[in-house]
Structures are given as structure tokens and as C-alpha cells.
Amino acid sequence: ATHLTALRTPIRARQRQYELRDRIAALHRSEERFEHATQATSDAIWDLNLVSSADAGAREFTQSAFGYSAAELKCDTNTWLDRVHPQDRDRVLESLQRALQSDQPLWSEEYRFRHAEGEYLHILDRAHITRNSLGQAVRAVGAMMDITERKLADQQRALYAAIVESTDDAIISKSLDGTIRSWNPGAERLFGYTAEEAIGRNVMMIIPPRKRGEEAEILDRMRPGERIDHFETVRVTKYGRAVSISLAVSPLWDAEGRVVGASKVARDITARKRAQEELRRQDELLELLWETAAVLLTTDKPDAMVRGVFDKIAPQLGLDAFFNYMLSETGDV
């Protein structure tokens, strides 16, 4: 028993050595994977030590980012906060402190961070919080991702959406088979259909029968990617009223560069058409008056005057038959 007890002691010691060796090897592998991951990503990886007396509260970055060297990015919390936009600073610090004081394992926040050249970038900062047995935060490892391009794209999309929602023009998108995919408030006002009534139906519902050949021609021109501008035509509302519109049609592309649909912008030009028609009619009447006056000035014979005036005004007033009836074969009125 004494010999067995004596043997067990070095065996357990050797087993602990093996376990320690395996843990060290696993730690090395983990650190190697972490190093490879940090080199492969464009994010700025940071490590915040919350308990070490030597560097408590320091943010140590694994690589240079945002125009700063690695040495410049190894900074305390105050230096990091100084680079956060003044309008975001209090919100971000309060959010981080609240996460560290709670029991949540993750923290995430978007804010603006100053680049070394002075411009502010939009940042998505995310971290995993490590806690001790008492639930106190002892370490936070995170990554700062530059999302400036995405943020600008989101703002651009929001701007486009606001324009589409607020414009008086009807903006409609459809698939190549004519199925309506979107229908803005301008389309609701112009054609009378709500978005719920229009989306999913075929665009032929607003095209009068005599104009349906145009739609097939438009779709054929869209398939190779052609754009159509200022195409004047007629459409019909929910209540059967014909409206004159100026139409612009653009192809819609998918991620692979294929045309999958079309976007239409329709502007109501009914009032303009009526005004143009009224101007044309007034121009014709004015021209008729000038021609009539010219007849009166070229002769002093009453019968010639009457015949000349009737020659001018009869076609306009539909008096051809009456004129022929009133004039005798001898030329007397």
C-alpha cells in the first residue's frame, strides 16, 4: 500500500503536467487562430482589460486602423472617447458602462469615430464581455467595423424613398410579365387605385384597349436594357376617366446584371394638353380673322366680299352645304 501510494503521487503529477501541456497547446492554437482572424478582417480588434492594475481601462488594438498606427490606437478610454464624435460621446459611454454593470454578455453600438485625417467615419462597435464568478466584468474584446459606405447608402435609399413618397408623379415598378410590384402615393392620386388594390395585378388595368400594343412594345424594348424618355400616351383611371401622361421607363436589374422588370414614372399632362389644344384653336381662329380681313381689303364688291368670306369661314364652321345652297347658279346671294 505504501509503494502504491508513493507511485500514485508522481503519476498524478505527470497527469497534471500532461493536462497543463494540452491546455497550453490549446491556448497557443486559440491565439494563433485569433491572430489569423485579426489579420484577415478589416475590423479594428480591441481588448479592454478591466482589472489589471497596470493597464486597467486601456484599449489595446491588435492592428492599425482608421489611419492610426497600432501604437496610436493603444490608448486609454479617455483617448478613445476623445475620438468619438462629441454628439455621440455621452450616449456611447453610457451604453458601454450600462452593459459592463449588467449581466449581459454582449455590447453593440453605432457611432461616429474620427479618422486620423480628421473626417468622421460611421462605426459599428461590438464586444463580448467576460465576467468572473461574481458576475463582474473583467475583460471586453470587441471589433470596430467601418460602416460609412453602408450608412451613406442607407441614407441615400431613405432620401429616394422620401422623394418617391412625396412626389406628385406616379412611380410604378413592374416585372417583365407586367405584374405591378410597387405603387407610390402619386400613382394612387393619379389612377385612383390604392397600393393594396394595385400591387400584384397586371399593369394592363390602367391601359385602354387601343393602347395595349404600346405596353408590349415597351416591354420588348426593356429586355435588352433600353430606356424610354418623355413618351406621351393615354391611360385610364379606376373610374374610367382617360388621362394624358408623359411616361419615362427605366429597366430594373438584378445582382447579376439581368433585366428583371421596369420602373415607370408617369406625369399627368392632361391640363397641359388641354391648354395646348386651346392655344391651337385660338391660333387657327386668329389666322382665319387675318385671312378674312385680307379678303375684305382686296375688293369693294359686296358679292365678292361675301363669297370670299364664306370661302374662308365655311370649312371652319361646317357651312359648306349651306354656302352652296345659298349661292345661286347665277352667283346671286
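Residues: numbered from 1 along the sequence shown.
Placement of Ile180 and Met204 within a single hydrophobic cluster is found when ILVMFWY residues are connected by side-chain heavy-atom separations under 4.5 Å, directly or transitively. Val234 and Ile269 sit in two unconnected hydrophobic clusters of ILVMFWY residues. Membership requires side-chain heavy atoms under 4.5 Å apart, directly or through other members. Taking hydrophobic clusters as Ile, Leu, Val, Met, Phe, Trp and Tyr residues chained together by side-chain heavy-atom distances below 4.5 Å, Trp46 shares a cluster with Leu93. At a threshold of 4.5 Å between side-chain heavy atoms, the hydrophobic network of Ile, Leu, Val, Met, Phe, Trp and Tyr places Ile199 and Ile207 in one connected group. No path of Ile, Leu, Val, Met, Phe, Trp and Tyr side chains, each step under 4.5 Å between heavy atoms, connects Val249 with Val259, placing them in separate hydrophobic clusters.
Shown here are the side chain to side chain donor-acceptor pair (under 3.5 Å) partners of Asp220, two or more places apart in sequence or in another chain: Arg223. Residues meeting the salt bridge (Lys or Arg N to Asp or Glu O under 4.0 Å) test with Glu109, sequence neighbours left out: Arg91. Listed by chain and number, the residues in a salt bridge (Lys or Arg N to Asp or Glu O under 4.0 Å) with Arg89 amount to none (sequence neighbours excluded). Looking at residues two or more places apart in sequence or on another chain, you find a side chain to side chain donor-acceptor pair (under 3.5 Å) between Ser175 and Asp177. Residues passing the side chain to side chain donor-acceptor pair (under 3.5 Å) test with Gln87, sequence neighbours excluded: Arg112. The salt bridge (Lys or Arg N to Asp or Glu O under 4.0 Å) check on Arg258 picks up Asp254, Glu256, with sequence neighbours excluded. The ring pair (Phe, Tyr, Trp, His ring centres under 6.0 Å) check on Phe231 picks up nothing, with sequence neighbours excluded.
The CD atom of Gln97 sits 11.0 Å away from the CH2 atom of Trp107 when rounded to the nearest 0.5 Å. The CD1 atom of Ile218 sits 5.0 Å away from atom CD1 of Ile228, with the distance rounded to the nearest 0.5 Å. To the nearest 0.5 Å, atom CE of residue Met205 and atom OG1 of residue Thr237 are 11.0 Å apart. Leu247 CG to His230 NE2: the interatomic distance, rounded to the nearest 0.5 Å, is 11.0 Å. Between atom CD1 of residue Ile245 and atom NZ of residue Lys264 there is a gap of 7.5 Å, rounded to the nearest 0.5 Å. If you take OG on Ser263 and CZ on Arg227, they are separated by 8.5 Å, rounding to the nearest 0.5 Å.
Residue pairs that meet the salt bridge (charged side-chain N to carboxylate O under 4.0 Å, His left out) test with at least one member in residues 204-213, sequence neighbours left out, are Lys211-Glu214. Listed by first then second residue, pairs satisfying ring pair (Phe, Tyr, Trp, His ring centres under 6.0 Å) with a partner in residues 122-174 number zero, not counting sequence neighbours. Under the ring pair (Phe, Tyr, Trp, His ring centres under 6.0 Å) criterion, no residue pair touches residues 242-283, with sequence neighbours excluded.
For Ala99 against Ile129, the heavy-atom pair with the smallest separation is O-CD1, 3.9 Å. For the pair Ile172 and Ala187, the tightest heavy-atom approach, listed with the atom from each and the gap, is CG1-CB, 4.1 Å. Between Ser95 and Ser108, the shortest heavy-atom contact is OG-O, 4.5 Å. Considering all non-hydrogen atoms of both residues, Tyr120 and Pro86 come closest at OH-CD, 3.7 Å. Listed here is the closest heavy atom pair of Asp169 and Asn184: O-ND2, 3.2 Å. Nearest approach of Arg241 to Leu190, heavy atoms of both residues: NH2-O, 4.5 Å.
Exactly one of Val92, Ile123, Thr148, Asp146 qualifies for a side chain to side chain contact (heavy atoms under 4.5 Å, CB included) with Phe113. That residue is Ile123.
The aromatic rings of Tyr193 and Trp183 stand perpendicular to each other, their planes meeting at an angle above 60°, with 30° marking the opposite boundary.
Using a distance-only test at 3.5 Å, with no hydrogens or angles considered, no donor-acceptor pair links the side chain of Thr167 to the main chain of Ile163. For Thr270 (side chain) and Ser244 (main-chain N/O), a donor-acceptor pair under 3.5 Å exists by modelled atom type. In terms of modelled atom types and a separation under 3.5 Å, the side chain of Arg114 and the main chain of Asp82 share a donor-acceptor contact. Of the possible polar contacts, none joining the Asp268 side chain to the Ala170 backbone as a donor-acceptor pair under 3.5 Å is found.
More than 12 heavy atoms of other residues, nucleotides or ligands sit less than 6.0 Å from atom CZ of Arg131.
Within the 4.5 Å cutoff, the side chain of Trp80 has no heavy atoms near those of the Leu48 side chain.
Between the side chains of Arg235 and Thr233, a donor-acceptor pair is found at a separation under 3.5 Å.
When hydrophobic side chains of Ile, Leu, Val, Met, Phe, Trp and Tyr are connected at separations under 4.5 Å, Val164 ends up clustered with Ile171, Val265. In this structure, Ile147 shares a hydrophobic cluster with Leu124, Met145, the cluster being traced through Ile, Leu, Val, Met, Phe, Trp and Tyr side chains under 4.5 angstrom apart.
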